[in-house]
Amino acid sequence: MTQLRLFDTYERKIRDLVPLQGNEVGLYACGPTVYNYVHIGNLRTYIFEDLLRRTIEHAGFELKHVMNITDVGHLTSDADSGEDKMEVGSRRSGMDAWGMAEFYTAAFKNDLEKLNIYPPHIWCKATDHIAEQISMIQELEGKGYTYPTSDGIYFNSRKLSNYGHLARLNIEGLLAGARVEQGERQYVTDFALWKFSKPDENRQMEWDSPWGVGFPGWHIECSAMSAKYLGDFFDIHCGGKDHIPIHHTNEIAQTEASRGTRLANFWMHGYFLELQNEKMSKSSGDFLQLISLADAGFDPLVYRYFCLTAHYRNELSFSWEGLVAAKTALNRLYEAAYEWGEPGEVSEHYRARFVEHLYEDLNVPRALAAAWELIRSDEPNDVKKATLLEFDEIFGLDIASWEPEEVSVPVDVQQLVTAREQARLDKDWSQADALREKILALGFIIEDAGDKTKIKPV
RNA sequence: GGCUGGGUGGCAGAGUGGUUAUGUCGCGGUCUGCAACACCGUUUACGCCGGUUCAAUUCCGACCCCAGCCUCCA
């Protein structure tokens, strides 16, 4: 059997995935901060995590997938200044912070479902785990890793000798950059564990703590919740690559300092979707959502297919042209599979090629290429069908359930089609062509398939 | 300015020290009354300059450019 190998950001190399315990793989994925809708760039990361999950399960491991919902404490600046995004979002949306969190969480889950992304086994919300976070901060305090300032409790990053290894941080370089507001922090890389409510702020979300009324810092939630559901040291932690230098770096610091273990055996990061002109910043409020693509006539699964064409560890350039290409390819794939009829035996040859690429750090573009070679091969149709359906357990494109769209044709168009068929029988080609033009002007394309005429909307 | 990564054919995007990625667009062909659909074929690419090598797009070094992080962000 082929060994599943994955790239680990921490060691910067591809290694065999060997579960820490038995056959179980614990996977923690950083979820969204629910102060707004997610954009298609965010969703690329969740598609990557879904492919990872499906591959791990395909390889025969038992997966436990945990995803958090950040519904408090994510400040508008990672330098621990600025406001809580939840409070800002609440003002913008006119909803209260709690209602807004629920609203955007539901919207997020809806997007995942449309993209055929399996939901995690456990969802966990930061606000449901305040006690766990406080207790972890207390552990850190007990071990001398914290210090207070006028606005909160901070983590002393200099007490860890290997702080920043994940990101290969060059602390002196950061200092030289001098673009970080240090405030009362003792060192640039120190970060907040607990923030005090300001007297004049009137926060909607705040809790009592041994240090005073306030709210947890952003990073502590992931350390506390992953430990609760997966243990202090678990198999895989993923997220977007932008989390490498700060969020994940700090999670590692917290867990290593409080629990004395490494946090995750593998760190995996999804790379960005790049747009030339479109904005992709969630906080600006001006960004492409899944619904924006649907409004432009692209099924969510077209976007999923689009993401399959690039490796997760490379940037992917978004363009509408690229989306059109994905739509065309996906439709050809659907139609071909539909025409093949019932599945038969799976081709061992293509299965082996598929698995070989997939298990080498999720080379999905290569696996997809293998699918196209299969489609254009001389294999019998029932073999092609069975094999492609097996591939689709990873691709997640719903190939099995696809059927041609039922087109409702207006009566006047139907009459023109009937007239054209008569003209063709009469071999009155100029009349037939003229009618085809008329039908096209009304928004329908004619395809003569044998003695039948297909009608498709433009 | 610092750090991390990247520059491949019209577009997107794999990969490799000498061997076909793949998809899409365009072009040619088969099919068709003509088209469309489908199928087949197809231009032959690896930022720039040096170096290593029998051989480099693939390894090494300099340079240029791009992206991300250091400010909100997957």
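A, B, ... follow the sequence lines: proteins, then strands. Residue 1 opens every chain.
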*Roughly how many Å is it from CG in Leu374(A) to C1' in rG23(B), rounded to a whole number?*
15 Å
*Tell me: NZ of Lys427(A) to P of rC34(B), nearest whole Å?*
11 Å
_Integer angstrom distance from the C1' of rC66(B) to that of rC48(B)_ = 15 Å
*How close or far is atom P of rA14(B) from atom CZ of Phe7(A), stated in whole angstroms?*
15 Å
*asked:* Say we look at rG41(B) and rC54(B): how far apart would their C1' atoms be, to the nearest angstrom?
replied: 36 Å
*Is it the case that Arg54(A) places NZ or CZ above or below the six-membered ring of Tyr118(A), under 6.0 angstrom from the centre and within 45 degrees of the axis?*
yes
*Using both distances under 3.5 Å as the test, list the Watson-Crick or G-U wobble partner of rC11(B), or none.*
rG23(B)
_Categorize Trp372(A) for me: base, sugar-phosphate, or nothing, with a 4.0 angstrom heavy-atom threshold over every strand shown._
sugar-phosphate
_Taking pairing as Watson-Crick or G-U wobble with both contacts under 3.5 Å, can you name the mate of rC37(B), or confirm there isn't one?_
none
_Quick check for you: among rA14(B), rG5(B), rU24(B), whose closest atom lies nearest to any side-chain atom of Arg12(A)?_
rG5(B)
*With both distances under 3.5 angstrom, what nucleotide forms a Watson-Crick or G-U wobble pair with rC59(B)?*
rG51(B)
*Is there a donor and acceptor pair closer than 3.5 Å between the side chain of Asp242(A) and the base of rC70(B)?*
no
*Kindly point out which of rA14(B), rG13(B), rU24(B) is positioned nearest to the side chain of Ser317(A)?*
rG13(B)
*So do Cys30(A) and Glu251(A) actually touch side chain to side chain, heavy atoms under 4.5 Å?*
yes
*asked:* Distance check needed: rC40(B) C1' versus Ile375(A) CD1, whole Å only.
replied: 16 Å
*In whole angstrom, give the distance that lies between atom CD of Glu274(A) and atom C1' of rG6(B).*
9 Å
*Shortest non-hydrogen contact from His129(A) to Cys124(A)?*
CE1-CB, 3.6 Å
*Whole angstrom is fine here: how far is it from CD in Glu315(A) over to P in rG6(B)?*
10 Å
*Using purine N1 to pyrimidine N3 plus N6-O4 or O6-N4 for Watson-Crick, or N1-O2 and O6-N3 for G-U wobble, both under 3.5 Å, which nucleotide pairs with rA67(B)?*
rU4(B)
*Looking at rU24(B), rG13(B), rG5(B), which one has an atom nearest to any side-chain atom of Ala325(A)?*
rU24(B)
*asked:* Just N and O in the side chain of Arg376(A): are any of them under 4.0 Å from OP1 or OP2 of rU22(B)?
replied: no
_Distance check needed: rA35(B) P versus Lys438(A) NZ, whole Å only._
23 Å
*Is there a Watson-Crick or G-U wobble partner for rU16(B) with both distances under 3.5 Å, and which nucleotide is it?*
none
*Taking atom types as they are modelled, is there a donor-acceptor pair under 3.5 Å from the base of rC34(B) to the side chain of Arg436(A)?*
yes
*Under the criterion ring-ring contact (aromatic ring centres under 6.0 Å, His included), which of Tyr303(A), Tyr312(A), Phe108(A) is the partner of Tyr46(A)?*
Phe108(A)
*side-chain N/O Asn314(A) vs rG6(B) OP1/OP2, d < 4.0 Å*: no
*Let me know the distance between CZ of Arg44(A) and C1' of rG13(B), rounded to the nearest Å.*
11 Å
*What nucleotide among rG10(B), rG68(B), rG33(B) has an atom nearest to a side-chain atom of Glu321(A)?*
rG10(B)
*For Ser90(A) and Gln204(A), test the side chains for any donor-to-acceptor distance below 3.5 angstrom and give the result as yes or no.*
yes
